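Just below is one structure, and these are the notes that go with it.
Remember, predicted model here, so these are calculated numbers, not experimental data.
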Amino acid sequence: MSVWHGSYRLGPLFLTALFYVFGESRNVLLIIADDAGFETEVYNNTVVHTPHLRALSQRSLIFRNAFTSVSSCSPSRSTILTGLPQHQNGMYGLHQSIHHFNSFDGVQSLPLLLKQANIHTGIIGKKHVGPGLVYPFDFSYTEENSSVLQVGRNITKIKLLVRNFLRSHKKEEKQRDEKRSFFLYVAFHDPHRCGHSQPQYGAFCEKFGNGDRGMGFIPDWEPKYYSPDQVKVPAFIPDTPAARADLAAQYTTVSRLDQGNIFRCGETQPMHTKDRQWEPPRLQQLSVAY
């Protein structure tokens, strides 16, 4: 595969190279947050509580001066997964519904290249790119076959799906009688707005799964609430009561994302289920927020 003179096409090649460092097979976990900004301890926000993201950042590369050519969901995701800017991969706009934008059929995405390299691929959460032939995943639980609230915001459901992926990977290795690297792409839907689509859960779905009547219950989530007077209002947002109320709701969903057990799967201690104990696989972790 040729390398374009710019930096865009280096993305998939770089990620593919991560699987083979000094001749040793590696596994890669890529974590995406949906519409996340600087509202975490990673970026010195002292109000919102994100201890797991902070711990992850302490052994990660942190970008403080990164940009996107299109500040929109599908175009940004397509660039992450192809290494190509939107005008080269074809994802000019949003993928879903009447928008119906897709990448060009001939684009070679990261999951496609990894599949060709015999690397097991999985996606959990918000996909929002297409067509499927360009973005094929072996294991897939997304808005295409599940509720995006469940696979993108329910951190207990996400944890169980991660375990299912790891177990299926282990089972496949045993059947093949060979070690095989994997790439797992976990795309949270938090802290994206949801008032336009599920207003009953609040402007940012901050009530979803909090245990209140009609809101459902997420066992792994201990909701953190913030008052409007606590929040840090960015310089580009008017400091109004409505803006502060919005930010307080957003902070709650950021805290939910942080409590997702996916951020702990690279730890060395064993994780326990009711019937067995297993060691987490060795991971090369990457995190992306946009």
Note, [X] side chain near [Y] side chain (heavy atom, < 4.5 Å):
X    : Y    : value
V151 : E143 : no
L112 : V134 : no
S74  : F101 : no
Y185 : T121 : no
N44  : F38  : no
H189 : C194 : no
K126 : I32  : no
H49  : E41  : yes

Do [X] and [Y] land in one hydrophobic cluster if side-chain heavy atoms of ILVMFWY residues count as linked below 4.5 Å?
X    : Y    : answer
V129 : I80  : yes
L133 : L84  : yes
V107 : L110 : yes
L160 : W221 : no
V148 : L81  : no

Sidechain N-carboxylate O distance under 4.0 Å for K115, D138: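 Between D138 and K115 there is a salt bridge, with a charged N closer than 4.0 Å to a carboxylate O.
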
When rounded to the nearest 0.5 angstrom, what distance separates [atom1] in [X] from [atom2] in [Y]?
X    : Y    : atom1 : atom2 : value
C205 : D190 : SG    : CG    : 7.5 Å
D35  : S76  : CG    : OG    : 9.0 Å
N27  : H169 : CG    : NE2   : 5.5 Å

Test log, rule side-chain contact (heavy atoms from CB on, under 4.5 Å), inputs Y225 and T252: CA-CA 6 Å; Y225 298 107; T252 295; 4.0 Å; yes

Of all the heavy-atom pairs spanning [X] and [Y], show the shortest one and how long it is.
X    : Y    : answer
P228 : A248 : N-CB, 4.2 Å
R153 : R193 : NH2-O, 3.8 Å
L61  : F63  : CD2-CZ, 3.8 Å
Q250 : P191 : CG-CB, 4.1 Å
L257 : A33  : CD1-CB, 3.8 Å
D258 : P51  : OD2-CD, 3.1 Å

Name the orientation class of the two ring planes belonging to [X] and [Y] (parallel below 30°, tilted from 30 to 60°, perpendicular beyond 60°).
X    : Y    : value
H196 : H192 : tilted
Y92  : F104 : perpendicular
F139 : F165 : perpendicular

Remaining members of hydrophobic cluster (4.5 Å side-chain criterion), V48: V47, Y226, V231, V233, F236, I237, L247, Y251, V254

Enclosure of [X] [atom1] (heavy-atom neighbours >12, cutoff 6.0 Å):
X    : atom1 : value
E178 : CD    : yes
K232 : NZ    : yes
F208 : CZ    : yes

Quick check against the 3.5 Å criterion: does [X] have a side-chain atom that pairs as donor or acceptor with the backbone of [Y]?
X    : Y    : result
T50  : S255 : no
S181 : I119 : no
E206 : F204 : yes

Any pair counted as disulfide (SG to SG under 2.5 Å), so long as it reaches residues 133-164, sequence neighbours left out: none

Criterion side chain to side chain donor-acceptor pair (under 3.5 Å) against Y135, the qualifying member of S103, S140, S78: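 Of S103, S140, S78, side chain to side chain donor-acceptor pair (under 3.5 Å) with Y135 is met by S103 alone.
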
